[in-house]
Colleague: 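Okay, handing you the structure first.
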Amino acid sequence: MSEPLERAEELFAGFEAELRAELPVGTDIFDAHTHLGDDIDGMAGRFEELEAMMDRYGISRCNIFCLDEPDRHPGFRAGNDRTLEFAARSNGRMIPYVRLDLTEDPIDEAKRCLDRGARGIKLHPRAQKFMLDDERLAPVFAISAERRVPILIHGGRGLPPIADNLARLVAAYPDAQLIIAHAGIADLSGLAGHFAGTTGVFFDTSVWSPIDLLSFFRLVPPEQIVYASDYPYGAQPQSLLIALRTARSAGLNEEQVVNLLAGNGNRIADGEPPLAPSQPQGADVFAQPMAFARIHQYLSMSMPMLFARQQDTFGALGLALNATNERNGHVRELDQIRELLEAARDLWRTLPEAQDDADGRHIARTTFRLIHLADIVAVTTGV
């Protein structure tokens, strides 16, 4: 088992060098979406790991909030206290957000934590099981407007369309800044239709699919986009690489890329006025070499089995590997994908040898990271 894991780390290091070559020279990076703590799904975010990741990749500051913690009752109080402690320990690099549960005195908890130094509010309608027409959201938006702190709200998987109800809240509380997480993919066209061009509403880039980001960039002005990793669910170098490559594929210029990586996030954190929205970038039609389209399709087919920690009995990963044998003028990229997928295949095969749940999670997560990098290369090559 150790040999496939070591090979994976070697490949990550190689892509780290590639990432550094693609980053604008001397650019700052602000990560708008990270978690610290322990989630009931088994995922864990550790202060030391996040701090080391920030140091390694030149991330100057980040927003932090707790996960869906086992001790989340009452009202995430314990997790919020830990968030404030982590922020103090970071000497200002980690900006604390208070996570709220609408069923457990959310306004009292928001005031308690904001009075102690929290600088934003986190809402998660899927995890905390509320809809966006919930009347208890109004006072949350009211205190956001009153205290001039942003709300970061989950906008990814597991939600019905949310745009219309969210738009009513934004209209009622125009001084409440909003960050819609995961590029708003739960209701992308609706959210972009309501908020593209709306000063004070932002979207973060923390998604898995590069096609989601390519679609997103064509709908949302770059001045409304903030970089985000979703640590610990997102990892480096793929998190920064997917944001950079899709932004450039969509046609963002260097100034817009620099603002996406840090400028927009820093303005939110520092309470500065946001940039005026310009126009979205990108094309309505996605075209790519057929070999890369096949690879992307097969990798997408393989992911549900990996998430369930099952073996690839269907053989989707093998089909993706076979597609790398095609020669279409992109030899370097196909060779990169093959290396990544061979390492993923070898590591995936060790999953039955996992000693415990934590070991199995580490193997599955590392395999996922290899496949994710391969998919980023496949989707952003030849666009």
Side-chain angles (χ1 to χ4, degrees), residues 23-24 27-37 45 47 50-51 53-54 57-67 83 86-87 90 92-100 118-124 144 148-156 166 176-186 188 191-192 195 198-208 212-213 216-217 220-244 246-247 252 256-275 277:
L23 280 168
T27 189
D28 185 24
I29 301 172
F30 186 106
D31 191 337
H33 187 150
T34 73
H35 313 78
L36 290 177
F47 178 91
L50 177 58
E51 185 178 52
M53 185 176 77
M54 293 174 71
Y57 291 93
I59 300 168
S60 61
R61 294 194 291 176
C62 66
N63 297 329
I64 58 167
F65 26 85
C66 66
L67 287 155
T83 297
F86 290 136
S90 75
R93 296 182 71 191
M94 300 180 187
I95 298 170
Y97 278 44
V98 50
R99 183 163 180 162
L100 300 180
R119 291 165 59 187
I121 295 168
K122 169 65 185 295
L123 296 173
H124 203 305
S144 166
R148 293 292 195 270
V149 296
I151 296 172
L152 189 148
I153 187 166
H154 174 78
L166 197 54
Q177 276 195 332
L178 184 67
I179 304 171
I180 302 169
H182 313 303
I185 60 171
L188 177 54
L191 290 165
F195 299 125
T198 301
T199 301
V201 177
F202 301 86
F203 295 75
D204 83 34
T205 64
S206 60
V207 299
W208 180 82
D212 274 336
L213 282 183
F216 163 71
F217 282 122
V220 176
E223 295 79 12
Q224 291 179 254
I225 302 172
V226 292
Y227 165 71
S229 69
D230 195 21
Y231 170 85
Y233 297 95
Q236 302 296 358
Q238 61 265 34
S239 175
L240 277 164
L241 201 64
I242 189 175
L244 276 172
T246 55
L252 272 67
Q256 291 168 333
V257 169
V258 167
N259 279 317
L260 180 157
L261 289 173
N264 299 333
N266 279 324
R267 289 184 189 90
I268 297 170
D270 294 338
E272 298 175 358
L275 297 174

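Numbering of residues begins at 1 and proceeds along the displayed sequence.
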Colleague: What pair of heavy atoms forms the shortest contact from Arg61 to Arg119, and how long is it?
Modeller: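 Reported closest heavy-atom pair: NH1-NH2, 4.1 Å.
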Colleague: Is there a donor in the side chain of Tyr227 and an acceptor in the side chain of Ser239, or the other way round, less than 3.5 Å apart?
Modeller: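 Yes, side-chain donor-acceptor contact under 3.5 Å.
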Colleague: Identify the heavy atoms of Pro24 and Val257 that sit nearest to each other, and give their distance.
Modeller: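 That closest heavy-atom pairing would be CG-CG1, 4.1 Å.
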Colleague: For Ser90, is there any backbone N or O sitting under 3.5 Å from a side-chain donor or acceptor partner on Glu51?
Modeller: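 Such a contact is absent between Glu51 side chain and Ser90 backbone.
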Colleague: Dump the intermediate steps for ring pair (Phe, Tyr, Trp, His ring centres under 6.0 Å) on Tyr231 and His35, then the final yes or no.
Modeller: CA-CA 6 Å; Tyr231 170 85; His35 313 78; 8.2 Å; no
Colleague: Rounded to the nearest 0.5 Å, what separates atom CD in Gln236 from atom CD1 in Ile59?
Modeller: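 Here the interatomic distance stands at 5.0 Å.
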Colleague: Where is the tightest heavy-atom contact between Asp28 and Ala262, given as atom of each residue plus distance?
Modeller: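 What the structure gives for the nearest pair is O-CB, 3.2 Å.
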Colleague: I'd like to know whether Leu178 forms a side-chain contact (heavy atoms from CB on, under 4.5 Å) with Thr198, so could you lay out the CA-CA distance, the side-chain angles of the two residues, the decisive distance to 0.1 Å, and finally the verdict.
Modeller: CA-CA 10 Å; Leu178 184 67; Thr198 301; over 6 Å; no
Colleague: Enter the distance from Glu223:CD to Gln256:CD here, rounded to the nearest 0.5 Å.
Modeller: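 With rounding to 0.5 Å, CD (Glu223) is 6.0 Å from CD (Gln256).
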Colleague: So which atom in Ser229 and which in Thr34 form the shortest heavy-atom distance, rounded to 0.1 Å?
Modeller: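 The pair with the smallest heavy-atom distance is OG-CG2, 3.9 Å.
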Colleague: Pair Ile95, Phe30 - check side-chain contact (heavy atoms from CB on, under 4.5 Å), show working.
Modeller: CA-CA 11 Å; Ile95 298 170; Phe30 186 106; 3.8 Å; yes
Colleague: For the pair Arg99 (side chain) and Phe65 (backbone), establish whether a donor and an acceptor sit closer than 3.5 Å, ignoring hydrogens and angles.
Modeller: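 Judged by distance alone, no pair lies under 3.5 Å.
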Colleague: Could you measure the distance from the OG1 atom of Thr27 to the CG atom of Asn259? Nearest 0.5 Å is fine.
Modeller: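 Reported value, rounded in 0.5 Å steps: 9.0 Å.
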Colleague: Output the distance between atom NE2 (His154) and atom CG (Leu123), rounded to the nearest 0.5 Å.
Modeller: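 CG of Leu123 is found 12.0 Å from NE2 of His154.
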Colleague: Testing Asp204, Ile268, Ile121 one by one against Leu152 for a side chain to side chain contact (heavy atoms under 4.5 Å, CB included), which residue passes?
Modeller: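 So, applying the side chain to side chain contact (heavy atoms under 4.5 Å, CB included) to Leu152 and each of Asp204, Ile268, Ile121, only Asp204 qualifies.
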Colleague: With side chains defined as the heavy atoms from C-beta onward, is the minimum distance between Ile180 and Leu166 less than 4.5 Å?
Modeller: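 They are in contact (side-chain heavy atoms under 4.5 Å apart), so the answer is yes.
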Colleague: Carefully, step by step, assess Val98 and Thr83 under the rule side-chain contact (heavy atoms from CB on, under 4.5 Å).
Modeller: CA-CA 8 Å; Val98 50; Thr83 297; over 6 Å; no
Colleague: Do Ile179 and Tyr97 have side chains that get closer than 4.5 Å, going by heavy atoms?
Modeller: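 Sidechains of Tyr97 and Ile179: in contact.
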Colleague: Classify the ring geometry of His33 against His182: parallel below 30°, tilted from 30° to 60°, perpendicular beyond 60°.
Modeller: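 Ring orientation of His33 relative to His182: tilted.
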Colleague: Going from OG1 on Thr205 to CG on Asp212, what distance comes out if it is rounded to the nearest 0.5 angstrom?
Modeller: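 Rounded to the nearest 0.5 Å, the OG1-CG separation comes out at 12.0 Å.
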Colleague: Report the C-alpha separation of Val207 and Phe216 in whole Å, then their side-chain angles, then the decisive distance to 0.1 Å, and conclude whether the side-chain contact (heavy atoms from CB on, under 4.5 Å) test is met.
Modeller: CA-CA 10 Å; Val207 299; Phe216 163 71; over 6 Å; no
Colleague: To the nearest 0.5 Å, what is the distance between CG on Leu244 and CG on Leu23?
Modeller: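 Output value for this atom pair is 5.0 Å.
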Colleague: With distance as the sole test, does Asn264 use its side chain to make a donor-acceptor pair with the main-chain N or O of Val226 at under 3.5 Å?
Modeller: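 No; zero donor-acceptor contacts below 3.5 Å.
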Colleague: Looking only at heavy atoms, which two atoms of Ile242 and Thr246 are closest? And how far apart?
Modeller: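 Closest heavy-atom pair between Ile242 and Thr246: O-OG1, 2.6 Å.
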Colleague: What heavy-atom pair brings Pro274 and Arg267 nearest, and what distance separates the two atoms?
Modeller: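 Where Pro274 meets Arg267 most closely, the heavy atoms are CA-CD, 4.4 Å.
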Colleague: Counting C-beta onward and ignoring hydrogens, is there a side-chain heavy-atom pair between Phe86 and Pro96 closer than 4.5 Å?
Modeller: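 A side-chain contact is absent here, since even the closest heavy-atom pair is not under 4.5 Å.
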